[in-house]
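As the structure is a prediction and not an experimental result, all values here were calculated from the model.
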Amino acid sequence: MIAFVSGPVAALAPDTAVVEVGGVGMALQCTPGTLAGLRVGEHAKLATSLVVREDSLTLYGFADEDERQVFQLLQTASGVGPRLAQAMLAVHTPDALRLAVSTGDEKALTAVPGIGRKGAQKLLLELKDRLGEPLGTGAHASRAGVGAPVATGWREQLHVALVGLGYATREADEAVAAVAPQAEAVVADGGQPQVGSLLKAALQSLNRAR
């Protein structure tokens, strides 16, 4: 098993990072939150999980070991494959998922694309004794600055992440403006915008515009 990869980031795409390891480019499927913390040309170390299928080998990359472990635990629930597990981590941090499951927060799970009300109820039952309690950092757990919540500066972080993914400055400006109401609504409710979730929404707005 490949436990982690370490090396310079060779390329970034909306859902993939290529890390050069020993002269070989390793393509890793990553969440927007993880991608937001990477820059082409800079060194990165990502925890990984290799998913083997009859017709494919897919390497998933994570900001840290905790995210990787939650990714694997989520797949012990019936009906949860690697893509849905990654989608759950794209919307929520590991601790946010632990909190949602431990408190029976059905709404938090239905916020994930692909999970309906019945699916959320089933997942809450199956995962209750598997994910464990939150680690103490609350519903918006930060992960070494990757996908971390920010009350201020989210615009700058989001803009830098989009430009790092290859979008033009004008496109990044438009995407930031498109998700601004979403971020401001979170602040108005007393919460903190997460760059990872905002990046996902920004990428969706850019895709619609093309």
Subject >> Evaluation steps, side-chain contact (heavy atoms from CB on, under 4.5 Å), between C30 and F62 >> reply: CA-CA 6 Å; C30 302; F62 308 95; over 6 Å; no
Subject >> T31 vs K200, side-chain hydrogen bond (donor to acceptor under 3.5 Å, both in side chains): CA-CA, chis, key distance, verdict >> reply: CA-CA 8 Å; T31 65; K200 181 179 180 181; over 6 Å; no
**OP:** Mind running side-chain contact (heavy atoms from CB on, under 4.5 Å) on V18 and V9 for me, showing each step along the way?
**Re:** CA-CA 6 Å; V18 178; V9 178; over 6 Å; no
**OP:** Could you walk me through whether R98 and D66 pass salt bridge (Lys or Arg N to Asp or Glu O under 4.0 Å), step by step?
**Re:** CA-CA 12 Å; R98 291 190 186 96; D66 184 37; 2.4 Å; yes
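Evaluation of the salt bridge (charged side-chain N to carboxylate O under 4.0 Å, His left out) rule for E106 yields R117 as partners, not counting sequence neighbours. The side-chain hydrogen bond (donor to acceptor under 3.5 Å, both in side chains) check on S6 picks up H43, with sequence neighbours excluded.
With a 4.5 Å cut-off on side-chain heavy atoms, L97 and L74 count as touching. Between K122 and S78 the shortest side-chain heavy-atom distance falls below 4.5 Å. Within the 4.5 Å cutoff, no side-chain heavy atoms of S102 are placed close to those of K128. V70 places none of its side-chain heavy atoms less than 4.5 Å from the side chain of M88. Counting heavy atoms from C-beta on, the side chains of H92 and L99 never come closer than 4.5 Å. Proximity of Q29 to R83: side-chain heavy atoms (C-beta onward) are separated by under 4.5 Å at one or more points.
Contact between L127 and A77 at its shortest, heavy atoms only, is CD2-CB, 3.9 Å. Between L158 and A202 the shortest heavy-atom distance is CD1-CB, 4.3 Å. Nearest heavy atoms, L89 versus F71: CD1-CB, 3.7 Å. The two residues P181 and A178 have their closest heavy-atom pair at CD-O, 3.6 Å. Smallest separation of non-hydrogen atoms from A100 and L124: O-CD2, 3.7 Å. The minimum heavy-atom distance between L46 and L28, with the atom names listed, is CD1-CD2, 4.2 Å.
Judged by distance alone, the side chain of T76 and the main-chain N or O of L73 form a donor-acceptor pair under 3.5 Å. Under a 3.5 Å cut-off, the side chain of E42 and the backbone N or O of L38 do not form any donor-acceptor pair. Panel note: side chain R39, backbone A36; a donor-acceptor pair is recorded below 3.5 Å. Within the 3.5 Å criterion, the main-chain N or O of A85 finds no donor-acceptor partner in the side chain of Q75. For the pair T16 (side chain) and A13 (backbone), a donor-acceptor distance under 3.5 Å is absent. Listed for the E67 side chain is a donor-acceptor partner under 3.5 Å among the backbone atoms of A63. Side-chain N or O atoms of T48 include none that pairs as donor or acceptor with a backbone N or O of Y60 at under 3.5 Å. Judged by distance alone, with hydrogens and angles left aside, the side-chain atoms of R68 form a donor-acceptor pair with the main-chain N or O of A3 at under 3.5 Å.
When hydrophobic clusters are built by joining Ile, Leu, Val, Met, Phe, Trp and Tyr residues whose side-chain heavy atoms come closer than 4.5 Å, directly or via intermediates, V80 is not grouped with L125. Side-chain heavy atoms closer than 4.5 Å link hydrophobic residues (I, L, V, M, F, W, Y) into clusters, and following such links, even through other members, never connects L35 to F4.
Note: L203 CG to D15 CG = 9.0 Å, rounded to the nearest 0.5 Å. From D64, atom CG reaches atom CD of Q69 across 9.0 Å, with rounding to the nearest 0.5 Å.
A salt bridge does not link D173 to R170: none of the charged nitrogens lies less than 4.0 Å from a carboxylate oxygen. Ionic pairing of R155 and E184 is present here: one or more N-O contacts between side-chain nitrogen and carboxylate oxygen are shorter than 4.0 angstrom.
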